[in-house]
Every structure is written in structure tokens, then in C-alpha cells.
Amino acid sequence: MINALRGMKDTISPTSEIYAHIIETCTKIAQNYGFSFIETPILEETALFKRSVGESSDIVGKEMYQFIDKGENDVCLRPEGTAGVVRAFIQQKFDKAGGVRRFFYHGPMFRYERPQKGRLRQFHQFGAETFGEGSVREDATIILMLKAIFESLGIGYTLEINSLGCPACMPLYKLKLVQFLETLDGLCEDCQRRKLTNPIRVLDCKNEHCKILLADAPLIVEHLCSTCKEDFATLRSILDQFNVAYVVNPKLVRGLDYYSKTAFEFVSNEIGAQSAIAGGGRYDRLVEFLDGKPTFGVGFAMGIERLMELVKMPEVKREGYYIGALCEEAKSVVYNLVIQKRETSKVLTQYEPKSLKSHLSNADKNYVKFCVCIGEDELSKGVVWVKDLESKEEKMIKLENF
RNA sequence: GUGGGUGUAGCUCAGUCGGUUAGAGCAUCAGGUUGUGGUUCUGAGGGUCGUGGGUUCGAUCCCCAUCACUCACCCCA
């Protein structure tokens with residue numbers, strides 16, 4: 001027997017209905033916010049992710065599905081969605097055309113990790129990106145949009161925000177942080193490495209000993225330049241104004257290297273250790289890293305599988321027909337009726353004749369509203385027997401009027 | 001990559017201190033006097049007890065290995 005690969009899942013009804021419901025809800029809200037759908041390839045050149053996500057990140061460092069294709073191209077399955085969208089944006093020369101553009105996407109992402117609750121090797125994200133808008137109001141808008149999505153889906157969350165600073169203040173802060181880290185003794189192995197590759201990540205270390213050592217670490221929020229400071233204050237005041245509850249987490253750093261200024265994460269405490277349900281922020285430098293003309297960028301991504309555990313589906317109503325034959329002679333009449341009725345309604349059937357009891361039972365299991373049967377009596381009179389499974393009302397209807 | 005837990009029917013799980021035909025509930029199918037579901041009653045089908053080796057007169061049970069699933073670390077959505 002051949003099974004699906006580790007960390008890859010089939011999504012089947014009723015779970016698939018929840019998946020579709022999430023996509024539908026997100027799509028509608030994103031459209032209300034002026035975003036348009038973009039679909040980009042799942043397979044991209046490896047260099048795209050190395051340059052955007054960053055070689056120091058674990059995603060690129062050890063989690064990519066990377067291989068050489070038959071044309072000797074170094075390619076990989078996308079581990080996240082932003083890079084491809086930015087690549088498409090630049091390829092379409094939207095950076096040169098200028099103006100503001102908003103895109104949303106959804107689809108599979110691939111990371112070669114050890115699976116656990118809320119973490120798959122092939123998982124699905126819904127995300128959105130705004131290009132060419134430098135105002136922090138866009139950052140706030142994206143958070144408000146996520147709030148609207150989660151409210152519509154009936155999902156509880158907590159929101160953490162932070163500012164990572166810009167090229168004017170971040171490098172100075174980084175120096176200060178490294179100086180501080182040099183004074184520490186006994187940081188974990190990972191942190192020793194991070195100190196050199198990406199010192200900001202040390203702040204995010206979960207190691208208990210490191211946490212204690214880092215208690216007095218300088219924080220980026222205290223070293224922001226005046227612009228970043230102002231923007232962060234504006235963001236907070238907008239969130240306050242619209243009653244979005246949040247906590248400032250000065251140690252929140254995003255796992256992808258391209259973020260600057262606003263960073264945020266939506267977290268749930270009901271889905272296990274992998275608790276982030278959406279994350280995002282600003283990436284004003286990313287377009288130029290990928291050879292485009294400098295263009296502002298903000299966006300987010302959310303993990304659909306993690307959301308699925310939290311979404312309660314609205315109750316479904318009985319819908320459509322089930323049509324069955326009670327005798328051999330009625331088979332073809334039933335079949336014709338089924339095909340004809342499907343032009344307007346949902347219709348289920350059973351090709352072989354069965355007892356009335358069996359048909360009713362099938363109709364009920366399929367949760368249709370009407371059970372329709374044709375037997376010898378109905379054939380001779382040119383009628384069909386129809387039962388409303390909710391009201392239990394039964395009728396004989398002329399074949400041509402059905 | 002590292003650690004813990006679990007593998008018995010389609011699903012959820014009992015069970016055998018090692019002993020002959022391995023059980024239940026749910027689900028499926030068929031019936032309950034010749035055409036009435038979501039509530040009952042009766043019956044049937046369905047298992048090489050994850051796989052491979054070892055110990056033993058005998059292993060689903062004990063031991064070893066292996067694989068799979070799962071949770072956690074790490075990382076992230």
C-alpha cells in the first residue's frame with residue numbers, strides 16, 4: 001500500500017468544507033479591503049528564497065524542498081508566499097509603474113520539518129501583500145483586516161506587536177545588542193551562532209537559561225529613530241481607536257529576515273505548541289533586495305490548517321433530492337429524471353432498485369430535503385412519490401410536473 | 001536532527017499474569033410477514049493483533065530491530 005508522504009495530508013469532507021469556508025471568508029474580506037487574487041508558481045528558483053527569506057533563517061538553511069530539475073536548474077518548492085508575489089510584482093514591472101497594489105494569495109507551502117500538532121510539511125497559507133504604500137495606516141489596516149477575518153470565522157486570539165526599526169535605527173541597535181551579548185557568559189549553542197548570523201533572534205530564544213541572561217538586554221523599542229517611534233505610536237493609537245486588544249512584545253522578531261518596522265503575530269492558546277495562527281509585518285527593503293526599484297511593502301500570512309482546528313462550521317440545512325427506483329422497470333426512468341433534475345438542483349441517487357426503507361435511509365444519510373421513489377404503482381400512473389424528510393409530508397406528483 | 005507515547009475489525013478501543021474458534025460499541029449490508037428514514041430488535045460480513053527476527057512445546061502478549069503515526073524540543077503559519 002502506498003501512503004501519503006510524512007507530513008502531507010489528504011483533506012476530505014467534512015474537513016474540506018471547513019477549508020473552503022476559510023478561503024471563502026478570507027477572499028471576501030480581502031476583496032472588501034481592495035486586494036485582488038494572485039496565483040504564483042509553487043516551484044521557484046532557489047535563489048529567490050535565499051535572497052528574500054534570508055540564508056540565516058532555518059527555513060532556507062535546513063527546511064527547503066530543494067532539488068536540481070531536468071534542465072539543471074536549482075529549484076525549490078516554495079516555503080512561504082511573499083517571495084513569489086514580490087518576484088511577480090517585479091517581473092511585471094509594477095515597481096517601475098509605481099502606484100499602490102494589493103494582492104492576496106492562498107495555496108500550499110512546503111517545509112521539510114519534523115511534523116507535529118499544527119505543523120505539516122505541506123501546509124496551506126492565506127496571505128496578502130500591499131506594495132507602494134509607506135503609511136503606517138496600511139500596517140494598521142492589515143491588522144484590522146485580520147481582526148475582521150478572525151471575527152467572521154469565530155476565532156479567538158491574542159495579538160502581539162513590535163517594531164523592528166528601519167535602516168536608520170536598526171543597525172545602531174544591532175551594534176548595541178551585540179556589545180551586550182558579548183558581555184554574557186553561558187548562552188546556548190544556538191544563540192552563540194545567532195550572535196554572529198542574526199543577533200536579533202537571540203531575543204526570541206526559548207531556552208530558560210538564555211531568557212534569564214537576556215532579561216536586561218537592550219530592546220529595540222527603546223532605540224527607535226524618531227520616524228519609527230512616531231509610526232509605532234500611530235499604529236498603536238489606531239488599534240486603540242478600533243478596540244483591537246494587543247500586547248507589545250519587544251522580543252517579538254519574525255523568523256524571516258526581510259521584515260522591518262512593524263511586526264505582528266496573532267496567537268491562539270488552543271492549538272498546541274505551534275500557536276501562531278498569523279504573522280506579518282512591513283518589508284520596505286525586500287523589493288530592492290530582489291532587484292526591483294525600492295518599493296514599500298507590508299503583508300501577512302496565516303496558516304489555514306491551524307485555523308481549521310478553531311473554526312466551527314455553521315449548521316448546514318437539508319438540501320436537494322434523492323431519487324431511487326423500487327423495481328427493475330423504473331431504473332431508466334429514475335436515471336433520466338436524475339440527470340434532468342440536476343440542471344437545477346443537487347440530486348443524489350442509487351443505480352440499483354432497493355426497498356423503500358433502504359432508499360429513505362440513504363436519503364437521510366445524504367442529508368437531502370426530499371426523497372423521491374418510483375415503483376410499479378408510480379410507473380403505471382405516470383407519477384413520482386415525494387417525501388419531505390423534514391415535514392414528513394408525502395405527495396404524488398405527475399412526472400411531467402416534477 | 002533529538003526525546004517521549006502509541007500501533008488489535010472501516011472507526012474508537014477492550015483483552016490475553018504466554019495456551020486451542022481474539023471481543024465490544026459505532027459504521028456497513030440483509031431481514032423484522034410481501035412500499036416508510038433519522039428510535040429500536042435479529043442476523044451477517046469484516047482481523048496474517050504494524051513488519052522482521054529472537055526466546056519458548058507454544059507469542060497478539062516477553063525481548064531486539066525496523067517502520068508508521070503522534071506529541072514535545074527546535075523553528076514557524
Side-chain angles (χ1 to χ4, degrees), chain A residues 1-9 22 53 56-64 78-82 106-127 146 157 188-191 193-194 198 201 204-208 210 252-256 264-268 271-281 299-310 318 322 324-327 330 352-378 385-390 392-394 396:
Chain A
M1 189 170 66
I2 297 174
N3 292 318
L5 293 170
R6 167 172 288 186
M8 307 208 172
K9 286 262 169 62
I22 291 172
V53 178
S56 71
S57 74
D58 275 13
I59 294 178
V60 168
K62 49 189 192 191
E63 296 173 2
M64 288 211 295
R78 64 182 181 194
E80 59 96 47
T82 301
H106 53 84
M109 308 294 161
F110 301 83
R111 293 182 199 172
Y112 196 89
E113 303 177 85
R114 193 77 174 265
Q116 72 181 78
K117 191 174 174 63
R119 190 172 75 185
L120 293 164
R121 287 183 173 181
Q122 176 176 343
F123 61 103
H124 297 77
Q125 290 188 330
F126 183 99
L146 277 164
Y157 59 84
C188 72
E189 255 180 59
D190 286 333
C191 285
R193 180 176 46 81
R194 292 189 189 114
N198 196 346
R201 290 270 195 77
D204 203 28
C205 186
K206 269 83 178 179
N207 183 301
E208 286 304 322
C210 289
L252 172 72
V253 299
R254 314 252 57 249
L256 292 71
F264 60 85
E265 203 165 284
F266 286 76
V267 178
S268 165
I271 53 171
Q274 304 302 319
S275 57
I277 51 176
F300 76 87
M302 51 195 234
I304 299 175
E305 282 83 357
R306 291 182 187 177
L307 259 34
M308 286 199 281
E309 298 208 18
L310 299 166
R318 283 186 180 275
Y322 171 97
L326 297 168
C327 61
E352 291 308 311
K354 296 265 165 164
S355 67
L356 183 64
K357 180 176 176 159
S358 167
H359 281 316
L360 278 164
S361 168
N362 272 339
D364 187 51
K365 268 180 280 191
N366 285 297
Y367 217 61
V368 296
K369 185 157 164 60
F370 298 102
C371 180
V372 179
C373 287
I374 301 177
E376 285 163 14
D377 293 356
E378 288 79 10
W385 175 86
V386 181
K387 177 164 185 174
D388 184 322
L389 294 181
E390 276 167 358
K392 301 182 181 183
E393 194 184 340
E394 299 177 28
M396 288 292 190

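Atom set for the values below is all heavy atoms of this structure, side chains included, hydrogens, waters and symmetry mates excluded. Just so you know, these numbers come straight off a predicted model, no measurement behind them. Throughout, protein chains are lettered first and strands after them, A, B, ... in sequence-line order, and every chain is numbered starting at 1.
Across all strands shown, A:A363 has no heavy atoms under 4.0 Å from either base or sugar-phosphate atoms. Among the protein residues, A:G118 comes within range of the nucleic acid bases, having at least one heavy atom under 4.0 Å from a base atom. No contact: A:I374 has no heavy atom under 4.0 Å from any strand.
When the P atom is compared between B:rG7 and B:rC76, the two are found 34 Å apart, to the nearest whole Å. With C1' as the reference atom, B:rG15 and B:rA9 are 14 Å apart, rounded to whole Å. Comparing the same atom, C1', in B:rG54 and in B:rG45 gives a spacing of 37 Å after rounding to whole Å. Separation of the C1' atoms belonging to B:rU70 and B:rC61 is 23 Å when rounded to the nearest angstrom. Across B:rU39 and B:rU34, the matching P atoms stand 24 Å from one another, rounded to whole Å. Between B:rC17 and B:rC63, the distance separating the two P atoms is 15 Å to the nearest Å. For the P atom pair drawn from B:rU21 and B:rA59, the interatomic distance equals 13 Å after rounding to whole Å. B:rC57 and B:rU20: their C1' atoms are spaced 14 Å apart (whole Å).
Put simply, the side chain of A:R119 and the base of B:rC74 share a donor and an acceptor less than 3.5 Å apart. Put simply, the side chain of A:R114 and the base of B:rC71 share no donor and acceptor less than 3.5 Å apart.
Inter-residue side-chain proximity for A:P108 and A:H124 is flagged as met; some heavy-atom pair is nearer than 4.5 Å. At a threshold of 4.5 Å between non-hydrogen side-chain atoms, the residues A:R111 and A:I59 count as touching. When side chains are defined from C-beta on, A:W385 counts as touching A:L356, because their heavy atoms get closer than 4.5 Å. In this structure the side chain of A:L252 reaches within 4.5 angstrom of the side chain of A:E265, judged on heavy atoms. At least one side-chain heavy atom of A:L146 sits under 4.5 Å from a side-chain heavy atom of A:F266.
Counting to the nearest Å, the P atom of B:rA77 and the CD atom of A:Q125 are 7 Å from each other. One interatomic measurement links the two molecules: CZ of A:R121 to C1' of B:rC76, which rounds to 15 Å at whole-angstrom precision. Rounded to a whole Å, the CD atom of A:E309 is 12 Å from the P atom of B:rU70. Summarising the geometry, the separation between CD1 on A:I271 and C1' on B:rC76 is reported as 11 Å, rounded to the nearest angstrom. Distance CD (A:E113) to P (B:rC71): 14 Å, rounded to an integer number of Å. One atom, CG of A:L146, and another, C1' of B:rA77, lie 12 Å apart when rounded to the nearest Å. Rounded to whole Å, the distance from CE on A:M8 to C1' on B:rC69 is 16 Å. Regarding A:F264, its CZ atom lies at a distance of 12 Å from the C1' atom of B:rA77, rounded to whole Å.
Distance from the side chain of A:K62 is smallest to B:rC74 among B:rC76, B:rA72, B:rC74. For A:Q274, counting side-chain heavy atoms from C-beta on, the closest listed nucleotide (B:rC71, B:rC76, B:rA77) is B:rC76.
Of the two residues contacting RNA chain B, namely A:S275 and A:K117, the nearest-nucleotide position lying further toward the 5' end is that of A:K117.
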Practice item. Give the dot-bracket string for RNA chain B, reading 5' to 3', where a pair is Watson-Crick or G-U wobble with both distances under 3.5 Å, ( ) marks pairs inside the strand, [ ] marks pairs crossing earlier ones, | marks a partner on another strand, and . marks unpaired. Key: (((((((..((((.....[...)))).((((.........)))).....(((((..]....))))))))))))....
Exercise for review: Would you please test A:L360 and A:L389 for side-chain contact (heavy atoms from CB on, under 4.5 Å) and show each step?
Suggested key: CA-CA 9 Å; A:L360 278 164; A:L389 294 181; 3.9 Å; yes
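In this pair, A:Y322 and A:H359 present their aromatic rings tilted. The plane angle is within the 30 to 60° band.
A salt bridge between A:K117 and A:E309 is present, with a side-chain N of the basic residue lying under 4.0 Å from a carboxylate O of the acidic one.
Of the side-chain N and O atoms in A:R111, none sit less than 4.0 angstrom from OP1 or OP2 of B:rC76. Under 4.0 angstrom from either OP1 or OP2 of B:rA72 there lies at least one side-chain N or O belonging to A:Q116.
Contacts of A:K365 classified as side chain to side chain contact (heavy atoms under 4.5 Å, CB included), with partners at least two apart in sequence or in another chain: A:S361, A:N362.
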Review point. Could you write nucleotides 26-37 of chain B as a row of B, S and -, 5' to 3', where a protein heavy atom under 4.0 Å of any base atom gives B, of only sugar-phosphate atoms gives S, and otherwise -?
Key: --SSS-B--BBB
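Between the side chain of A:R306 and the backbone N or O of A:A276 there is at least one donor-acceptor pair closer than 3.5 Å.
Rounding to the nearest 0.5 Å gives a distance of 5.0 Å between CE of A:M109 and CD of A:Q125.
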